[in-house]
Structure formats: structure tokens, C-alpha cells
Q: 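Quick one: the structure is below, questions incoming.
Start at 1 with the first residue, then count along the sequence.
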Amino acid sequence: MSAPDTALAAPTPTSTRPRWRFIDSLRGFAVFGILLVNAVDITRLGMARVMEGGAPVDDPVLDALYLTVQTRFVPIFVFLFGMSLWIVLDGARARSSRPVLVLVRRLVALSVIGGLLMLAYPGNVLIEYGVVGLLMLPVVAFAPRWVTLAGGAVLTIVAYAMFGGGLPSVPGLILLGAGTTAYGLPKALESSGRAVGIVFAAAAVLTVPALGWQLSTPGGDPRFSTAGSVAGLVMAVLYTTGLALLWRTPARRVVAAVFEPLGRMALTNYVGAAIVVALAALVVDFGHMTSAAPVVIMSVALIAVQSVLSRLWLRHFVYGPVEWLWRTATWLRPATTHRRVATTEQS
């Protein structure tokens, strides 16, 4: 898999810190991509047929997912998780005499949520994010920001060069997310200046040889090859900066309308989607299917419903239901629920 805020940090109603709407939208975009990744795993698409000795079937839909989705969205989500780690820690420093303890509770709570979700989706990475986040927390909390950024860059390079990405890349990507946030990346992405355009152009150029490398390796899930993982990382940068550039155009309204509600309730939507897909797998024989098309259609329909429901929910409530539980566990007191109350508190 791949999970959520995972990034999922939400400022308090009383905070004067800006809410980065693009980051929320990027998180929502990642929720969609992660669902496409997870749905194939949760449904065990085609696995029953293979276990019974069925010959492999060429599926252009699955091949398309391998080139556009697999390994592309997980780096975005891990990076966003690192961003949220810095943002929440920064907020905790202003509100608590023990900000690190606040983050410890937050990460432990995330691990507990992930443990419960194991009942529906054993492959979810919430426990992984919580544990690795705890290990990286001392660096984020106490090291100079340049050390966090440099350490993240080095660990990420080593992870992809030596291990082909995967779990070993999580610590570096978390530190990269936290370090770049400390240097103002959310504002840079929100305003999409020249630097973002340059990075997008570089990623676009590198995508061509990266995809060529992936296609030249034995076919299959790119998560199990260095070439596929590297191509995924390059395209993750391409997707992130490309969406940031769209944010500066009239397309921003569409991007925000579809993805921002998903991003603001990313943890709820991640958990909810995993449960819905797991339930669907109990009544639909995905294991004998020879095409990923039904899974893609189901995922698109589910994300559309979640986008609408999230928007309706956020009209009345400050946080999604799982976010509320997470925040309550983080601060050891019930979080604000109704938006009217939040408005009153802010004033």
C-alpha cells in the first residue's frame, strides 16, 4: 500500500497559521492514486486464478497502472507525511510545553489506527508510518533544519540506489518532507513560481529515460524493481509540480473542488476506502478476474463518492471522524467538532 496523512495535519481552529489549500489538494490527489494501488492488493486481483495454475494474462489496464500509478503515489504520501510532521510539531511548540510528547502521542495513535485497520487491510502502512515517524522524530525535533533536509536527501538516495526504494525509502522521504517544509516548500508550491516550473521541466525530461528503463526490465509490478521505483520517484515529482502549476491556472477551481475535501479528510478516506474495498472483495470474485478494469471503475466511483461526502461533512464539522479521534488522542482532550463552535473559538 500506501497510506495517508498521513499527511493529514490540520491546524487548530485557534491557529493563525495559514492553511495551505494546495497541500490539502495534493494530499487528496494522492488519496486517489493510493486507492488505485491498494484496491488491486486488497481485492487480490487475479490471484486465485494464478494459484490454480492459470496462465498469466496480458492486461493493458494493469500495465497502465504499472506505468502511471504503482510507485508514483506512495512517495508523495510519505513526503506529505513528513511535511505534516513538521507542521504539527511547529504548532505544538506554540501550544504545549512538551511538543515532542504531543507528536509521540500522535504517532502512537496512528500506529494503533493502523493496527485496527489490519483487520480489513493487512497491507496498510499506517503502523509503518507511525513507527518510522517515531524514529525520525528526534531528528525533526532537535536537529537543525539543514541537517534534516540533508539527511533526508542522503537516506533517500541510498534507499533507492541500494534497495530500490520500498520501505527503506520511508525514513529519507519523511525527513525530506519535514526539511523542505522548514524551508518554506508549502508556500513555494502554493504560489508555483519559476523554481517549481524548472523542477517540473526537469522531471518531465527525466521521465522519458526513467520509463524507458522501467520498460526495459522484466515486466510486472514496478514495486519489485529498482527501475520501476526510480521511475515512480521521478514521476511523483512530475505529478506534484505539475499539479502545483495547474493550481496557478483556472483549473485550480476543479482541482480544489475534487481533491481538497479528500485531502482534508485523508485519513478517514484512506481507512474508509480500505474497508469498503475489503467488503466488496467478500462478495465479488476479483480473484478470478483477468482485467483490472472493474477495480479501477470501482475505485474511481468510490473516490467520487468520498469527495462529495467529504465536502458535505466539512460544511458542518471541523475534522473527519477518524481525524477527530486522532486529534483527540494527540492532545488528550476532545477536539472541536462543529464548525460553528470553531468559528466562535477563533473569534
Q: So, for Trp213 and Thr226, which heavy atoms are closest and what is the spacing to 0.1 Å?
A: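 That closest heavy-atom pairing would be CH2-CG2, 4.0 Å.
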Q: If hydrophobic clusters are built from ILVMFWY residues whose side chains come within less than 4.5 Å, do Leu62 and Phe224 share one?
A: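 Each belongs to a different hydrophobic cluster.
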Q: Is any side-chain heavy atom of Leu206 less than 4.5 Å from a side-chain heavy atom of Leu238?
A: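 SC-SC contact between Leu206 and Leu238 ruled out.
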Q: Show the nearest heavy-atom pair for residues Ile113 and Leu267, with the distance to one decimal.
A: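 Residues Ile113 and Leu267, closest heavy atoms: CD1-CD2, 4.1 Å.
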Q: Restricting to non-hydrogen atoms, name the atom on Ala188 and the atom on Val196 that form the minimum distance, rounded to 0.1 Å.
A: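 Answer, listing the atom of Ala188 first, then Val196: O-CG2, 3.7 Å.
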Q: I need the full list of side-chain hydrogen bond (donor to acceptor under 3.5 Å, both in side chains) pairs touching residues 162-175, with sequence neighbours left out, sorted by first then second residue.
A: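 Every pair satisfying side-chain hydrogen bond (donor to acceptor under 3.5 Å, both in side chains) with a residue in residues 162-175: there are none.
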Q: Could you tell me which non-hydrogen atom of Ala256 sits nearest to which non-hydrogen atom of Arg311, and how far apart they are?
A: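 Smallest interatomic distance, heavy atoms only, reads O-NH2, 3.7 Å.
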Q: Would you say that Asp41 contacts Tyr121 through its side chain, given a criterion of any heavy-atom pair below 4.5 Å between the two side chains?
A: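 Touching, per the 4.5 Å side-chain cut-off.
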Q: Donor-acceptor pair, distance only, cut-off 3.5 Å: does the side chain of Ser307 make one with the backbone of Ile303?
A: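 Here the side-chain-to-backbone pair does not exist.
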Q: Measure across Tyr319 and Ala335 and return the closest heavy-atom pair with its distance rounded to 0.1 Å.
A: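 Reported closest heavy-atom pair: CE1-CB, 4.1 Å.
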Q: Say whether, by atom type as modelled, one donor and one acceptor occur between the side chain of Ser229 and the main chain of Gly164 under 3.5 angstrom.
A: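 Here the side-chain-to-backbone pair exists.
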Q: Can you find a pair of side-chain heavy atoms, one from Leu211 and one from Met235, that are under 4.5 Å apart?
A: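 Side-chain contact under 4.5 Å: yes.
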Q: Measure the shortest side-chain to side-chain distance between Val277 and Leu35 over non-hydrogen atoms and say whether it is less than 4.5 angstrom.
A: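 Yes - at least one pair of side-chain heavy atoms lies under 4.5 Å apart.
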Q: Using side-chain heavy atoms (C-beta onward) and a distance below 4.5 Å, is Ile127 in contact with Met118?
A: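 Yes, side chains in contact.
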Q: Within the 4.5 Å heavy-atom criterion, are Phe77 and Val31 side-chain neighbours or not?
A: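 A side-chain contact under 4.5 Å exists here.
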Q: Can you see whether Trp331 has Arg105 sitting over its ring - NZ or CZ less than 6.0 Å from the centre and within 45° of the normal?
A: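 So Arg105 doesn't make the cation-pi contact.
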Q: Heavy-atom distance under 4.5 Å between the side chains of Val37 and Arg223, does that happen here?
A: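 Yes - at least one pair of side-chain heavy atoms lies under 4.5 Å apart.
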Q: Residues two or more places apart in sequence or in another chain: which of them pass ring pair (Phe, Tyr, Trp, His ring centres under 6.0 Å) with Tyr239?
A: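 For Tyr239 the ring pair (Phe, Tyr, Trp, His ring centres under 6.0 Å) partners, ignoring immediate neighbours, are Phe73.
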Q: Quick one: does Thr268's side chain have a donor or acceptor within less than 3.5 Å of a partner on Val322's backbone?
A: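 Judged by distance alone, yes, a pair lies under 3.5 Å.
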Q: Where do Leu126 and Tyr270 land on the side chain to side chain contact (heavy atoms under 4.5 Å, CB included) test, with the steps shown first?
A: CA-CA 10 Å; Leu126 296 184; Tyr270 175 80; 3.8 Å; yes
Q: Taking the inter-plane angle between the rings of Phe29 and Phe259 on a 0 to 90° scale, is it parallel (under 30°), tilted (30 to 60°) or perpendicular (over 60°)?
A: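 If you compare the ring of Phe29 with that of Phe259, the planes turn out perpendicular.
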Q: Please evaluate residues Arg27 and Asp24 with respect to the criterion salt bridge (charged side-chain N to carboxylate O under 4.0 Å, His left out), reporting the C-alpha separation (whole Å), side-chain torsions for both, the decisive distance (0.1 Å), and the verdict.
A: CA-CA 5 Å; Arg27 190 178 297 120; Asp24 285 331; 2.9 Å; yes
Q: Quick one: CG on Leu215 to OH on Tyr66, what's the gap to the nearest 0.5 Å?
A: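 Reported value, rounded in 0.5 Å steps: 13.5 Å.
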Q: Phe286 versus Arg44: any side-chain heavy-atom pair under 4.5 Å?
A: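 No - every pair of side-chain heavy atoms lies 4.5 Å or more apart.
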